[in-house]
Every structure is written in structure tokens, then in C-alpha cells.
Protein chains: 2
Amino acid sequence: MSRDFATQTHLAHTRATDWLTAAGLRPTRQRLALAALLVGDGQDRHVTAEKLFVAAQHGGEKVSLATVYNTLRAFCDAGLLTEITVDASRSYFDTRTDDHPHFFWEDTQVLTDAPSDQLEILRLPEAPDGCEIARVDVVIRLRRPA
Amino acid sequence: MSRDFATQTHLAHTRATDWLTAAGLRPTRQRLALAALLVGDGQDRHVTAEKLFVAAQHGGEKVSLATVYNTLRAFCDAGLLTEITVDASRSYFDTRTDDHPHFFWEDTQVLTDAPSDQLEILRLPEAPDGCEIARVDVVIRLRRPA
DNA sequence: TTAAGTGCAAATTATTTGCAGTAAG
DNA sequence: CTTACTGCAAATAATTTGCACTTAA
């Protein structure tokens, strides 16, 4: 809570590097910057390409939007992120890669984790013949009452 | 099962008309054609704009793609359809408007209903303060094993 | 008659891609 | 060195929109 800036930055960098190399991805300057924003503080995050791009710029990083897109795709392919689709016009990327439920705030278009220990699925429809369940997406859409 | 074509068509037309007027929508030629394709036989359906457009053309109906989009949106706004988002690049529209689970076949990109009686959610994360749950989307993603 | 609905073509928006240059191993 | 990565600008693809025309009520 009271670590100084240098230490925090250093930790973020280390974590980002490990995260990338563990997945066999080259830790380039751009990827490190994006990775640090995603997992630098060990917190789970849900980002859109645009939001991450803005965050990077805000942090003084020089990364192109196309690279942000390509990088997010690369991270997904490497299993570092999961893509979650709640809004047909935008993709969200989650740093948590296990199967867990989400809240989607319809007014702000924000996606967050829902406490997974509060979800108990007793029975699930079984996969039809010749199929297996790749993932179960549970999105709880929240509305602020008028 | 063995009703003749004229009767089937007539039923479809009636059902489509009722469906539209019940929602306070003007039963125009285009809307009737699309509605008949959607609910004409009383079966539940999941369509994309493009698929519905092609189906209409195939049936000899003259409807523009923009109208298909506008119409689907109008049907949703009127509560006749529900939009389901499983794929960031395409919207699916479901003729069943109650909250129920779906199968999404990743190989064919097809969306179907999952038997809702086989899903039992024992406990759901509760909505954060000042919020209510608008809907719970459950999408079971199916993969055909290699 | 008149407000709602339609078609077309142009606009928008998120995302991808081709390719020439740059950097990591 | 050599192959992967990046940036830019152009290409895609789904969806929306402006506007003149048509049609249901």
C-alpha cells in the first residue's frame, strides 16, 4: 500500500515480463507497456482495445492502435487473456482466464467480475453428441432503475 | 404435419400479423414477410440480419438489407425479439424473449436454444447496491473435439 | 392526409491487413 | 543475421443514417 513509485514500477515491469515470457511471447517495448497496464499490479482487468490504447498514451507510451489490437489478439491466442463478448460492437478482454461470471453495467458499458463464489450452477444442459463444452459464459446484465 | 401449403401460408400470415399488431407495429408488406419467416410456424428462431435477408430473398420477397436491420431493431425495441451477443462481429436475434440459456456452436457459428429445464442456477451473485438484474445471459460454447 | 416505414447510397465504427521498416534472440 | 513485431494507411465488414419516396391508417 505504501511502496514507493520506483518499486511499484519495477514490480509491474517484472510481472509483465514474466507474464509474456511464460507464454513464449517476445517482450518488446510495446508489449511490455501493455502487459504492465494489464497485469502490472496483479489486479484483474477488463479492457477494450480503445481503452487500453488511451491508457498507454496517457502513460506516455508510444504504441499504435493497430498494435494494441494485434497485441490483444496475440495475448488471447497465447492464453493470457480471454475475450468476452457482451456488446456486439466492442470486444472486452479479461486478464482472468478461468471460467467465471461477469457483471455488465448497461448504463456505463463497463464489464467487471462477478463474485464467482456466489454463483452456483447445479445442473447444466449437457453438450449434444459429439460436442464438448468449451466454456460457459455467464453475463449478469445490470441496470440502474429509473 | 400434413397441412397443405395454402393453409400453412395462411397460418403464417395470420400469426405474423397478430405478432406485429399486438406490439403496435404497422403490418407493412416487408415486416409481414420478415415476421412470417421469424414466427410463421410457431417455432423459435435465431437469426442474423444477413441470414434473414437471404431467407427473404430466397422466398421471393423484395426487402432491402437496411430495412432488415431497421426492422430487427424495431422488433427488439417492441419486445418481440431479444438480441443476443455471442460474437463481437455479428448480432443474433432470438424470437424467444424470456431469459433462457443458449448453445453457441463455435465451428458453425450457429446459435440455438439450450434446454432451459436442464439448467439450474442455485445461487446468483446479487446485484450491487442501487442496481437490478436486467437479464442473465448464459451461453454454453460448444466445440467439436479434434 | 399525414406520420410512419422503406430503399438507396453514403457514413460510421470496430477491427484487420499489406507491406516496408525495426528490433529481439 | 533472421524472423518476429510494429506502424501506418488502406481495406473490411457489420450496422446506421440522411433523405426523398411510398404506404398504412
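Just so it is clear, the structure is predicted and the values come from calculations on it, not from any experiment. Numbers restart at 1 for each chain; the letters A, B, ... are given by sequence-line order, proteins then strands.
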Interface polar pairs with nucleotides 14-16 of chain D, N/O, under 3.5 angstrom:
from	atom 1	to	atom 2	distance (Å)
D:dA14	OP1	B:R90	NH1	3.4
D:dA14	O3'	B:S89	O	3.4
D:dT15	OP1	B:S91	N	2.8
D:dT15	OP1	B:S91	OG	3.4
D:dT15	OP2	B:Y69	OH	2.7
D:dT16	OP1	B:R73	NH1	2.4
D:dT16	OP2	B:R73	NH1	3.1

Under 4.0 angstrom between A:R29 side-chain N/O and D:dT6 OP1 or OP2: no
Run through B:R144, B:R141, B:R143 and flag the one making a side-chain hydrogen bond (donor to acceptor under 3.5 Å, both in side chains) with A:E132. B:R143
With a 4.0 Å limit, can you tell me whether A:Q30 has a side-chain N or O closer than that to the phosphate oxygens OP1/OP2 of D:dG7? yes
Give a yes or no answer on whether the side chain of A:T95 reaches the backbone of A:R45 with a donor-acceptor pair at less than 3.5 Å. yes
Atom CG of B:L72 and atom P of C:dT6 are separated, to the nearest Å, by 12 Å
Rounded to whole angstrom units, what separation is found between the CG atom of A:L34 and the C1' atom of D:dT6? 12 Å
Hey, what's the ring geometry for A:H102 with A:H100, parallel, tilted or perpendicular (30° and 60° as the breaks)? tilted
For C:dG5, take OP1 and OP2 only and decide whether either is under 4.0 Å from a side-chain N or O of B:R31. yes
Backbone N/O of A:V139 and side chain of B:D137: donor-acceptor pair under 3.5 Å: no
Apart from A:L65 itself, what residues make up its hydrophobic cluster, given side-chain heavy atom links below 4.5 Å? A:W19, A:L20, A:L25, A:L32, A:L34, A:L37, A:L38, A:V39, A:V47, A:L52, A:F53, A:V63, A:V68, A:Y69, A:L72, A:F75, A:L80, A:L81, A:F93
Whole angstrom is fine here: how far is it from CG in A:L20 over to C1' in C:dG25? 15 Å
Mind calculating the distance between CZ (A:R26) and P (C:dA24) to the nearest angstrom? 9 Å
Using rotation axes that map the C1' atoms of four end pairs onto the next four (five pairs an end), what angle separates the end axes of the helix from C:dT1-D:dA25 to C:dG25-D:dC1, to 10°? 30°
D:dC5 C1' sits how many Å from A:E61 CD, rounded? 16 Å
Spell out, as yes or no, whether a donor-acceptor pair under 3.5 Å connects the side chain of A:R29 to the backbone of A:K62. yes
So, OP1 or OP2 of D:dG7: does either fall under 4.0 Å of a side-chain N or O from A:S64? yes
If you count the non-hydrogen atoms of other residues, nucleotides and ligands that lie under 6.0 Å from CD in B:E126, is the total more than 12? no
Distance test, side-chain N/O of A:T28 to OP1/OP2 of D:dT6, below 4.0 Å: yes
When rounded to whole Å, the CG to C1' distance for the pair A:L32 and C:dA24 reads 11 Å
Between C:dT15 atom P and A:K51 atom NZ, what is the distance in whole Å? 12 Å
Is the closest side-chain heavy-atom distance between A:T48 and A:L111 below 4.5 Å? no
Can any side-chain N or O of A:R15 pair as donor or acceptor with the backbone N or O of A:A35 at less than 3.5 Å? no
